[in-house]
Each structure stands twice: as C-alpha cells, then as structure tokens.
Amino acid sequence: MLNSFPAEEYKLPFFIEEGFSRRRCPSCGEYFWAQGSEQETCGESTSDGCACYSFLNNPPTLKRYSLSEMREAFLSFFEKQNHTRIKPYPVVARWREDIYLTHASIIDFQPYVTDGIVPPPANPLVIAQPCIRLVDISNTGPTFGRHLTIFEMGGHHAFNYPDKEVYWKDNTVRYHHKFMTEILGVKSEEVVYKESVWVGGGNAGPDVECIIRGLEVATLVFMQYKVVNSKFFKLPIRTVDTGYGLDRLAWLSQGVPSCFHAIYGNLLDKIFSMANLDKIDDKLLLSVARHSGLVTIDKNANRLIARKKVAERVGLPLNKLEKILTPIENTFAIADHTKCLSFLLSEGIVPSNIKEGYLARMLFRRTYRLLQSLKMEPEMFYKIISMQVDFWSKDYAHIKKREDEIIEMIKVEEEKFKDTIKRGRGKIERIVDEIKDNKRSFPNNKLSELYDSHGITPEMVKKIANEKGVKVEIPTDFYASIANRHLQTEKLGKEEKILAKEKIKIDELPSTDLLYYDDAYIREFEAKILNVINGNYLVLNRTAFYPEGGGQPADSGFLLVNKKKIDIIDVQKKGNVVLHEIKGSIEVEKGTVVHGVLDWDKRYALMRAHTATHLINGAARRVLGDHVWQHGAQKGVSVTRIDITHYRRLSPDEIHKIETFANQVILAEIEVETASMSRNKAESLYGFRLYQGGAVPGKDIRVVRTGDWDVEACGGTHLKNTREMGFIKIVYTERIQDGVERLGYSTGLQALANIQKNEGLLWKVSEILESPVDKLDKTAVKLVKELKRANSQNRKLIKELATKESATLKQGKLVQLAKKIKGIRIIERDFEKKINLELMVQTANEIIKQNEATVALFFGANKKTANILVMAGKVAVKKGINACFVVNKVSPIIGGGGGGRANFAQGGGTKPEKIREAIQKAKEIIEKQIQE
RNA sequence: GGGCCGGUAGUUCAGCUGGUAUGAACGCCUGACUUGCACUCAGGAGGUCUGGGGUUCAAAUCCCCACCGGUCCA
C-alpha cells in the first residue's frame, strides 16, 4: 500500500503564489506547507507532541461561533462560491449495503455518484452532514472532544468528469483558505497544510490536513484512485472530498476548554451539575486541555500511558489527575453518547443484538455504565435525552417528532440491561462462592465466557468478587484475546461456497427487455433466442419471466421451441441479462422464435404476496411506530413473510390490528402505481423510507406506491389494485432476533385455506375433548388441572402401595424370599410382568427406611425386557455391599448393562428368559460381599 | 452475517463423565412461639425437567429438529 505520494502532487500554484514553502516536521517527520518563517513544526497537537493547543482562551477567529452559527457560516460561504446547498442525509446509511452509518459527507454520494452511475444532486455542492463514528468511542471524552461519536462534517464536493472539470486541488485549497481567513478571520500565516495520504472505502488519493493553532480543522481529500488488492487504479471521476470539522471549528472560535463546551454550552453545564461536578477547576481543565492532543487511545496506547504524559506536562501526580479528570471525561462522553443515541433512535434504529441495532445497544449500555460511575440515577438518562432532543430539534426537526418512541425504546433497553446485570451478578456470586469454598483462583477462561456469552464485563466480576473477598486478575490483553477468539471462529465459519459457474461472458450480451415491467399481467409472449449457454441456459431478447430478486422467487412455466415444450425451472438475472434455466438441455439455432408461457397461478400468487408485503409493512408502521423498517422478506405462494424491526414481542392485539389495517386497504381498492425515476428525484420526493428492502443499485429507481399507504423502491411485480388480493391473514409471528419480528401471512384463497386448516384443527380437538369449540379454553384449563391432580395422586398411590408392599414383606408373607446373613437381610422380590420402576424404587426405599441392615433385590421381566434393582441400606453398605458392582456384573447376563451407586443401582436387558440366572448370580455376589 | 450460552418447583438456580428430582434458597400454605427490624421453630403443598424425534435395559443428562430466551463480534 502506498504511504506517500510524490511531492509534486502537493505543489499547488496557490502555495507558490502566496509564499508557502514545503517543510518537514522535525518531530513527526511529516511534510507541511506554511507561510511564515516561524512555523518550525507541523503545528499539530499530535501524540508525538509537535505542538499543543494555543487557541484555548485565545481564539484566532474574529468572533465566537456556536455550532449552528458555524454551520451556517460554512454553508452560506460556499453558496456564495456557486455551490448548491444540499440537505443533510440520514445518519443511518440505508442506501448502502456495505456500511451501517454515515461517517462522512462523501458517504452520501458513494458509490453511485463517485462511480459515475448517477449524477450528483448538484455540482459543486456543499453540505453539513451529521456523522457517526463509533470507532472513536473510547477516545470520546479523554481527547476533550477532538474525537466524538457524533459530529457534523462540512463538505464541499466537486465531481470532475473526463469531459467536465469543475475544480480540483488548487481551487479547493483556495476556497478553504478564503473561508478560514476572510470569513473566520484567521491570520493567513496561522493556517498550516500538512501533506497526507487518504485511503478509505476502497478509494484513495492525496490529501492535505489543515491545522490552526494545534487543531486539525479540515481535511481536503483528492479522491482519484480505486484500491484493489492494495494497488491503485485511476478513477474516471476525480472527486473533491472535503471534511470540515464544524464542531472543532466552533471549538476553535470559542477557545473554551473542550469541544463539548463549544457544542453543548448550557446543556453541558446542566449535565455537570446533574453529575454533581459543580466545582471544576477551570484553570486546571484548560492546562490539561492544552495537552490533550497527546491523548489517543487505540490498540497500541492505553488511557494510562497517555494520561502519564499529560500529568508530566501539567505537573500533577498521575493518580491525582486521574481522580479529577475521570468524572469530567465521563460527563463529556455522556453528553456525546446521548446525542448520538437521540439521532440513531430518531431514525428508527431499534436496539437489538445484531447489525446496527447492536451499535445502539452498545452505546446505550456504555452510557448507562458511565452514569453509574458518576452515581447518577437512571432517571437522569431520560432527562438528558429529553434535553438533547429539545436542543437538536432546533436544527433537526424530525428528532422531536420521535421523542416518545426514543424514550420508549430506552425504557425497554434499560429493563433488558437491568435483567442482564441481575443475572450476571447471580452468576458471578455463585462462581465466587464455589471458588471461595475450594480456595482456587478465578479462572481466566471463565472471564471470557462470562463476557462473551453473558455480557458480564471483567470489571464487574472483579468488583463483585472483591466484595466477597476473592481476588480477580484481569489480564491486560483481555479484550484483545476476545477479539482473537472471534477471529478464529470467523475463519472456521468462513466456508465460502464456490459456485463453479460456467464462464459466460454475460457483459457481451445485449440486455434483456423486461416485459413484466411494462405490464405485470403478461402471461404469454414471443421472443427470439439470442444465446444458449451450456445447453441449459437460454438468453432471450425479451422476457416476461420474472427472475428471482427482492425476495420474490423466480417464475416458472415453459417455452415452446420448434413446437416442443420446454420447462423453465429457474430464472436468474446476471447484470442486465435474464438467464432461463431449462429442464434437460437443448440444441437450437440462435434467432429461433419461441413462445413463452408463464405458470400464471404461481406468478399471480406471488404478485399478491408482494403487494401484501407492502401493505403489511405500512400497517405495521402505523400500528407500532415509525421505527418499523423492513428487515427482510420472502414471498411465497402459500405463505409470505416479512421481518420488521420492533423493540418488543407483538401482542395478539397488535397482530390483529395490523391485519385489520391491511384488509381495510384491500377494501379501499387502492391503485398500486409503479414508476421509474431518477434516484435523486425519488429520494427528494419520498425520502429514505424508500429503501425498505435495503440498498437498491442503479441510476434509476423503480418506485412502487400504494396510495398514501406505502412507498418503496422495489423491483417486484405488483397487482394493479389492492382489491385483487381479496383478503389477507397473518398466520404466524416469531422473533428471529432481539428487535426483529417475523410476520407470516397469506392472501386470497390461500389465506382462507390457512384459516380452514386451523379451524379443522380446532374441530378435531373439540371432537377429541368432546367439548364445543367456544368452550375449548375452559375445557383445556380443566383438563390440565385434572391431569396435574391425577399425576400427584398417582405418585401418592405409588408411595402408598410401596408402603403396603414393604409391610407385606415385613409381615413375612413372602418371608421365604428373605434371607439373613450376618445380620443383613436380603429381600428378594419378583415383580413379574408388572415392571414399574417407580413402584419398585419406592418400595425398596420404604423397606430400607424400616431397617437399614437390608439389601433389596427386586426384579421383573416381561416379554421384551428384564429389570434388576438393588438397593442397600446404610448398614448394609458399611458391611461391604456395593449395589453398583452387583448390577454391573449381573446385567450382561440378561443382555444389557446397568449401574448406579453403592447404595442404589439398576440395570436391565433384553433377554428376560435369563432373569433367574442373573438373580441367582446376584445373590451369590451379595452373599460374598457380606462374607468378606 | 458469524460465534457462544441457556430453557428443571411460583422465582433464582444446582443436578447434565446417562442409573432414586431424599434437589437448594427465596416465595406459598398450616401450626407453635412471638406481637418492630429479611423474626424464629415445626410441618406441608408445589415438577409430563420447553416440545418432538433418535440412541439405550435406562435420558433432565448423549445426538438431531423445532420453539423460546440471553450474549459477544462484524
């Protein structure tokens, strides 16, 4: 991988004109451009210590800007420079398959714009994009706001096409410089440009980082390469990708101790006072802030090492600084995380244990722990979230609309987390108690298991163990070892299916004309054969066969080729070409005209299913809330399913409501309209709700709209009108993941069939129970009650029987079977064909209870099996009886095995005819045991 | 998308190298002693060991499937 570009790449006319010169930082060794002769180092407050922040209490700007003022200054400046202002995109990147969250402004335009598939919404453009970067989560706080999990990136972007140049490196830097100096009023010689290389998201290019008074405030990236296997390939479109840290710029202009002070102002003060941190030594805070650039927590450097450096410079003992700073940093993090959560949840992320939902859960749990560490009550969480909602609604109105849902989801999360903690505590206590009893140390593998499988952090284990006086050592590489564990399992699980596909040069074939998009109701069509691949894949110039896609299975049917019927067994789309897989193989000339006929019953059922999916989705959103998104779907002829995000199990009421809503739409006879339109238009008309089925590729998007009920980007075939569906019935629901509910449903006659099936079942049960259907619930309750009573009575009876049985034995009716040797009674009893092990055991128990100097030798045999049971009282065991040994030795005679303990053992076998022989042998062994 | 853990009394769990659920604690019921702090003591009730298959003489325990839940990572 390239780690530097030639110096030429950075030698811009602007630098030469303005008297900038290229220098090398003696501290970090990197090259930079600066104007004045005074600038010796790169001027950035790095972990190498090239500089510290000199803007604190001493901002270089003409005035102080709040974040929203800074945003406006940035946007309007670039508007004046002929950039079009674009509305921010969501923080959840639903239009992309490769990532969950928007972590830079350029994300909005990848991959379609940067790859040249779709034109940009404007060119050049300017945007202020809220971004989420959870990779920086451990730095959020300790770096005083240089890192944030949520921040706003100002970006002015230009997309340069081979035939249309907008602007490139030189102008980009000129714009930047103009903004910093003319608008913000920073002195020109205070702006330092550092050379660097930017690689990310499969793209790369040179970039310059802009440093002012120690703080990096912007990165200007010149994206011009695609990275494939560590090699760079020139892209046809060169993209100006700039990122201005609007939060950092606000910080710079205010000169306050931290970026959090700059962003949140009064809100931060309130959180501080909620955390009982009213008396903060501002002087100390500022002097720590000056050196906070030294701190960066990553895999190589931990919090303590960074803190040590700061402590040295501030001149305080490490532990004292640690004690003062930790609560402050935690409060910073709380301010940041609660904002991040508000944004995430407002866009319908449901906390769960998979995908983006997991990120929300992780963020929640981290914040919750931070609150605990500050001894803040959980109610504070809600208060702060509400404060955040109000604070940000001024600029992002949609957040306020979702406030109730946000609070509800946090409530559910809190309950879940409390449960986890409670369970965890119990688990730890049990382990610790056991360790204490055995005086062993806490095993490390237990620590990993607790964390990995039960979500219990080693810190929590340590705390609880310490309370109980057991020492726990957390290995320093604990989290690394967990990561390692996952790497290993990942390797094992990665058994990629290599589909040995024949090498078809699909790209060279003309794209298939898709008749089903012109009219979804075409059942028969004429087409020409363009190609036959491998003898069994037909390529036609046009087709009405729908290829598998968007959760809709492929059509089936047949083709008439030279009057011969050929069955279509699968249809797939590769690129723009539809492949028809046929049964068997065929030899046919190219250009032959064929007649295609669809299996219409199947297709029509799938159309109903597909439209039904949109209805259910719309209904679920109305019943459950706006956080509901489609998480996946599979259409079927008899049952179709949709997975939706929701934070709770669906109640029967909710299911019925969804069902009712969907049926009301059917009765309302709503037209289903499909339209193809440009991505930009579709997004601006309907918003990102479109992407229910995930990211959709391509320049143009097919939009399926069911009145006001539902709008989705969808490539499937749909009914013309909802009335054709007839009827819809939800037949099952299940929870496939925490936060994801699956709904299964059928339409039309199939729905009726499903109901009839269930009704049939009801009738059958009613017949069996001899109870009318409407009384079945009561009958069932009664029956279960009775069954329980019968069971317990049965147990009682067995006990009673056992008592009687033992009494009989004692009375001597069967005394001939009892034998006394050295004071030990051997009671032999044949239960014959009535082998009831429980009765045998209970009877033996009773006998032993009466006289511990007894050995019970019970047995029974029916046609199939034989059983032997030996039980010895305490006295008998002391005399040397070992029931287990006896049964073990004897059971093979009856063709089986057996075992147990010294006082009790049972065995059996499949040769009942040999039972007498076995018992004889058993007696011999027992007698021998007593003799010895 | 991948991995790990679990489902046993009303509750939290033990038992799981197959062999009696004498299961434990808390809760519940009855009685005694007390009448104020998790009172104490004596006794008792309470289980189709999530469901369905399989292996076995024998399955809560081993194997497979389904359902329900927990958790870590991308």
Side-chain angles (χ1 to χ4, degrees), chain A residues 97-100 134-135 352-356 358-359 361-362 365 416-417 419-427 429-431 433-434 445-446 448-457 479 482-496 631-632 649 732-738 742 784 787-792 794-796 798-799 802 835 837-846 848-849 856 859-862 864-871 883-884 887-888 890-912 914-915 918:
Chain A
E97 263 173 353
D98 50 342
I99 49 171
Y100 298 128
L134 293 179
V135 286
S352 87
N353 50 12
I354 48 154
K355 298 194 173 177
E356 64 273 21
Y358 177 68
L359 301 178
R361 172 162 294 171
M362 189 191 77
R365 294 191 171 185
K416 285 191 173 163
F417 193 39
D419 281 349
T420 297
I421 302 236
K422 211 170 121 195
R423 264 196 306 272
R425 173 168 276 274
K427 216 160 202 115
E429 279 171 351
R430 256 171 272 127
I431 295 169
D433 284 345
E434 200 200 314
N445 61 346
K446 208 81 197 173
S448 343
E449 191 200 307
L450 281 170
Y451 179 68
D452 217 11
S453 302
H454 305 286
I456 304 161
T457 58
Y479 289 96
I482 293 282
N484 226 343
R485 244 168 89 136
H486 286 280
L487 274 180
Q488 282 168 6
T489 51
E490 213 166 289
K491 264 185 192 164
L492 287 170
K494 219 177 190 177
E495 222 179 283
E496 275 193 27
H631 188 264
R649 289 310 306 263
Y732 72 90
T733 67
E734 60 184 325
R735 199 200 76 143
I736 60 166
Q737 286 288 350
D738 192 16
R742 175 165 291 176
V784 170
L787 183 71
K788 279 195 172 178
R789 202 166 27 193
N791 275 337
S792 84
N794 189 24
R795 238 170 286 134
K796 251 183 228 159
I798 285 178
K799 242 185 191 169
I835 308 172
L837 283 172
E838 213 182 329
L839 176 64
M840 285 161 82
V841 171
Q842 291 298 343
T843 310
N845 242 335
E846 286 299 320
I848 302 289
K849 239 192 251 168
F859 57 94
N862 56 28
K864 274 187 192 163
T865 57
N867 283 81
I868 299 173
L869 181 152
V870 179
M871 195 183 277
C884 182
V887 174
N888 218 310
V890 158
S891 299
I893 299 172
I894 49 173
R901 302 173 206 162
N903 67 323
F904 175 81
Q906 50 182 303
T910 44
K911 293 177 188 163
K914 298 226 176 159
I915 187 74

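Because only heavy atoms are used, hydrogens play no part in the values below, and waters and symmetry mates are left out as well, while side chains stay in. Letters A, B, ... mirror the listed sequences (proteins, then strands); counts begin at 1.
A/R649 has a side-chain polar atom (N or O) that falls below the 4.0 Å cut-off from OP1 or OP2 of B/rG69. Contact between the side-chain N/O atoms of A/R425 and the OP1/OP2 oxygens of B/rU12 is not found at any separation under 4.0 Å. Within the structure, every side-chain polar atom (N or O) of A/R423 is placed at least 4.0 Å from both OP1 and OP2 of B/rU12.
A gap of 14 Å separates the P atoms of B/rA9 and B/rA60, to the nearest Å. Comparing the same atom, P, in B/rU71 and in B/rC26 gives a spacing of 28 Å after rounding to whole Å. Nucleotides B/rU61 and B/rU48 have their P atoms positioned 16 Å apart, rounded to a whole Å. Across B/rA74 and B/rC67, the matching C1' atoms stand 27 Å from one another, rounded to whole Å. On the C1' atoms, B/rG70 is 15 Å away from B/rC13, given to the nearest whole Å. Nucleotides B/rC49 and B/rU8 place their C1' atoms 4 Å apart, quoted to the nearest Å. Taking atom P on both nucleotides, B/rC39 is separated from B/rG47 by 27 Å, rounded to a whole Å. B/rC29 and B/rG46: their P atoms are spaced 16 Å apart (whole Å).
Summarising the geometry, the separation between CG on A/D452 and C1' on B/rA74 is reported as 13 Å, rounded to the nearest angstrom. With rounding to whole Å, A/I456 atom CD1 is found 9 Å from B/rU71 atom C1'. Rounded to whole Å, the distance from CD1 on A/I354 to P on B/rC4 is 17 Å. At whole-Å resolution of the value, CD in A/E356 and P in B/rG1 are 12 Å apart. Residue A/K422 contributes atom NZ, which lies 14 Å from atom P of B/rG70 at whole-angstrom precision. Atom pair A/H454:NE2 and B/rG70:P shows a separation of 13 Å (rounding to whole Å applied). To the nearest angstrom, C1' of B/rC72 lies 12 Å from CD of A/E449. The distance between atom CG of A/D419 and atom P of B/rC13, rounded to the nearest whole Å, is 10 Å.
Annotation: side-chain contact (heavy atoms from CB on, under 4.5 Å) contacts of A/K446 (sequence neighbours excluded): A/I431, A/F442, A/P443, A/E449. By the side-chain hydrogen bond (donor to acceptor under 3.5 Å, both in side chains) test, A/D738 pairs with A/R361, A/K416, A/R735, sequence neighbours left out. For the salt bridge (Lys or Arg N to Asp or Glu O under 4.0 Å) test, no residue two or more places apart in sequence or in another chain qualifies with A/D419. Scored by the side-chain contact (heavy atoms from CB on, under 4.5 Å) test, A/K355 finds A/Y100, A/H631 as partners (sequence neighbours excluded). Partners of A/R425 by salt bridge (Lys or Arg N to Asp or Glu O under 4.0 Å), not counting sequence neighbours, listed by chain and number: A/E429, A/E467. Judged as a side-chain contact (heavy atoms from CB on, under 4.5 Å), and not counting sequence neighbours, the contacts of A/S352 are A/I354. For A/N862, the side-chain contact (heavy atoms from CB on, under 4.5 Å) partners two or more places apart in sequence, or in a different chain, are A/K833, A/I835, A/K864, A/T865. Residues passing the salt bridge (Lys or Arg N to Asp or Glu O under 4.0 Å) test with A/R365, sequence neighbours excluded: none.
Among the heavy atoms of the strands lying under 4.0 Å from A/R361 are primed sugar atoms or P, OP1, OP2 only; no base atom is included. If you check every strand for non-hydrogen atoms under 4.0 Å, A/I868 touches nothing. Within the nucleic acid shown, A/Y100 comes within 4.0 Å of at least one base atom, counting heavy atoms only. Within the nucleic acid shown, A/K355 comes within 4.0 Å of at least one base atom, counting heavy atoms only. Within 4.0 Å (heavy atoms only), A/S891 reaches no atom of the nucleic acid at all. Nucleic acid contact for A/G455: sugar-phosphate only, since backbone atoms but no base atoms lie under 4.0 Å from a heavy atom of the residue. Looking at heavy-atom distances under 4.0 Å, A/G426 makes no contact with the nucleic acid at all.
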Short heteroatom pairs, N/O only, protein and nucleotides 63-67 of chain B, under 3.5 Å:
residue, atom, partner, partner atom, Å
B/rC67, OP1, A/E734, OE1, 3.2

Please list, pair by pair, any protein nitrogen or oxygen found under 3.5 Å from a nitrogen or oxygen in nucleotides 21-26 of chain B.
none

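A/S891 OG to A/K914 NZ: the interatomic distance, rounded to the nearest 0.5 Å, is 13.5 Å. Taken to the nearest 0.5 Å, the CD atom of A/E734 stands 8.0 Å off from the CZ atom of A/R649.
Nucleotide B/rG69: paired with B/rC5 (Watson-Crick or G-U wobble, both distances less than 3.5 Å). Using Watson-Crick or G-U wobble geometry with both donor-acceptor distances under 3.5 Å, B/rG47 finds no partner in any strand shown. Base-pair partner of B/rC26: B/rG10 (Watson-Crick or G-U wobble, both distances under 3.5 Å). A 3.5 Å limit on both hydrogen-bonding distances identifies no Watson-Crick or G-U partner for B/rA74. The partner of B/rC62 is B/rG54, judged by Watson-Crick or G-U wobble contacts that both fall below 3.5 Å. Look at B/rU34: it lacks any Watson-Crick or wobble partner with both distances under 3.5 angstrom.
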Annotated protein contacts, base or backbone, on nucleotides 48-56 of chain B with a non-hydrogen cut-off under 4.0 Å, one of B, S, - each: B--------
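Comparing A/A905 and A/L359 along RNA chain B, the residue whose closest nucleotide (by nearest heavy atom) sits nearer the 5' end is A/A905. Two residues, A/G899 and A/R430, neighbour RNA chain B, and the one matched to the more 5' nucleotide by heavy-atom proximity is A/R430.
In this structure, the side chains of A/M871 and A/V841 come closer than 4.5 Å at one or more pairs of heavy atoms. When side chains are defined from C-beta on, A/T457 counts as touching A/Y451, because their heavy atoms get closer than 4.5 Å. You'll find the side chain of A/N867 stays beyond 4.5 Å of the side chain of A/I894, heavy atoms only.
Of the listed nucleotides (B/rU71, B/rA74, B/rC5), B/rU71 has the atom at the smallest distance from the side chain of A/T420. Checking B/rU20, B/rC72, B/rC57 against every side-chain atom of A/V841, the shortest atom distance belongs to B/rU20. Closest contact between the side chain of A/F904 and the listed nucleotides B/rG1, B/rU71, B/rU20 involves B/rU20.
Across every non-hydrogen atom of A/A861 and A/I915, the tightest pair is CB-CG2, 4.2 Å. Nearest approach of A/I456 to A/G424, heavy atoms of both residues: CD1-CA, 3.3 Å. Across all non-hydrogen atoms, the minimal contact from A/M840 to A/L869 is CB-CD1, 3.9 Å.
One can find a donor-acceptor pair under 3.5 Å joining the base of B/rU71 and the side-chain atoms of A/N353. In the interface, the side chain of A/N903 is paired with the base of B/rU20 through a donor and an acceptor atom under 3.5 Å apart.
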